[in-house]
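Quick caveat, the model's predicted, so the values are computed rather than measured.
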Amino acid sequence: MPVRAIYEIKDAPVPLMTDMYMKTIVPSIAEESKQAYLKMIEPLKYDYKATDTEDKCMFDDWRDVKNELYFTKGYNNIFEENQIAGLWVAYEALNQIFERYPAPDFHAGYLQVFYYNKKRFWITAEAGHVVFSIPEEY
């Protein structure tokens with residue numbers, strides 16, 4: 001499972017690992033699996049307006065945030081039928097953040113809001129790592 005290999009590299013910056021996900025892992029998906037991948041990430045929606053301005057959210061430099069991803073019980077419950085989908089969606093969501101707030105700064109709000117199948121979850125940069133949670137747990 002290629003996405004799991006990226007997840008296990010904990011000391012690298014998360015923007016670098018997200019870039020590797022998009023440039024290496026996604027293109028390597030076999031053609032017969034491509035539709036399943038697209039179906040898995042299709043319900044993901046980025047609510048960038050929720051954290052798009054500095055007056056709504058404190059902005060941080062994500063360059064040095066490590067590829068240490070923590071998933072709360074609430075986030076995992078969104079994917080209870082397919083836990084590996086939660087990992088694919090995590091990197092897809094991080095990619096969307098870094099597309100919106102690109103290099104060299106990766107200067108984004110510490111809290112980012114997403115929906116998956118209309119269930120809201122948050123991504124926060126905290127103490128040099130990334131946390132995926134639901135609002136009720138924050």
What pairs with Arg63 under side chain to side chain donor-acceptor pair (under 3.5 Å), at least two apart in sequence or on another chain? Asp61
For Met17 and Ala12, which heavy atoms make the closest approach, and how far apart are they? SD-CB, 3.5 Å
Could you measure the distance from the CG atom of Asn117 to the CD1 atom of Ile78? Nearest 0.5 Å is fine. 9.0 Å
Evaluate the side-chain contact (heavy atoms from CB on, under 4.5 Å) criterion for residues Lys73 and Asn77: first the C-alpha distance (whole Å), next the side-chain angles of each, then the deciding distance (0.1 Å), finally the verdict. CA-CA 6 Å; Lys73 184 177 182 179; Asn77 285 345; 4.0 Å; yes
Is there side-chain contact between Tyr7 and Val3, with heavy atoms separated by less than 4.5 Å? no
Kindly compute the distance separating CD (Glu68) from OH (Tyr70), expressed to the nearest 0.5 Å. 4.0 Å
Search all heavy atoms of Val65 against all heavy atoms of Pro15 and return the closest pair with its distance. O-CD, 4.0 Å
Across all chains, not counting sequence neighbours, the side chain to side chain donor-acceptor pair (under 3.5 Å) partners of Tyr115 are none
Checking Thr72 now: which residues fulfil side chain to side chain donor-acceptor pair (under 3.5 Å) with it, not counting sequence neighbours? Glu137
CG on Asn95 to CD on Glu99, rounded to 0.5 Å: 4.5 Å
Taking all heavy atoms of Lys66 and all of Lys10, pick out the closest pair and write down the distance. CB-O, 3.6 Å
Sequence-distant partners of Ser133, side chain to side chain donor-acceptor pair (under 3.5 Å), two or more places apart: none
Nearest 0.5 Å, what's the OH-CD1 distance between Tyr91 and Ile41? 15.5 Å
For residues 11-23, the side-chain hydrogen bond (donor to acceptor under 3.5 Å, both in side chains) pairs (sequence neighbours left out) are Asp19-Lys23, Tyr21-Tyr37, Tyr21-Glu92
Please tell me if the side chains of Leu44 and Trp88 come closer than 4.5 Å, counting only heavy atoms from C-beta onward. no
Test log, rule side-chain contact (heavy atoms from CB on, under 4.5 Å), inputs Phe106 and Val14: CA-CA 10 Å; Phe106 300 109; Val14 74; over 6 Å; no
Pairwise distance CZ(Phe132) to CG(Leu69) - rounded to 0.5 angstrom: 5.0 Å
Mutual orientation of the aromatic rings belonging to Phe114 and Tyr46 [parallel < 30°, tilted 30-60°, perpendicular > 60°]: parallel
According to salt bridge (charged side-chain N to carboxylate O under 4.0 Å, His left out), does anything in residues 75-86 pair up with another residue at least two apart or in another chain? List the pairs. none
Heavy-atom pair with the smallest gap, counting every atom of Phe121 and Ala93: CZ-CB, 4.5 Å
Any donor-acceptor pair under 3.5 Å from Tyr75 side chain to Gly86 backbone: yes
Could you check whether Lys45 makes a cation-pi contact with Tyr48, meaning its NZ or CZ is under 6.0 Å from the centre of the six-membered ring and within 45° of the ring axis? no
Taking atom OH of Tyr101 and atom CD of Gln96, what is their separation to the nearest 0.5 Å? 12.0 Å
Say whether Val131 and Trp122 are linked into one hydrophobic cluster, either directly or through other cluster members, by side-chain heavy-atom distances under 4.5 angstrom. no
Heavy-atom count check: over 12 atoms from other residues, nucleotides or ligands less than 6.0 Å from Gln83 CD? yes
Report yes if some heavy atom in the side chain of Leu87 is under 4.5 Å from a heavy atom in the side chain of Phe71; otherwise report no. yes
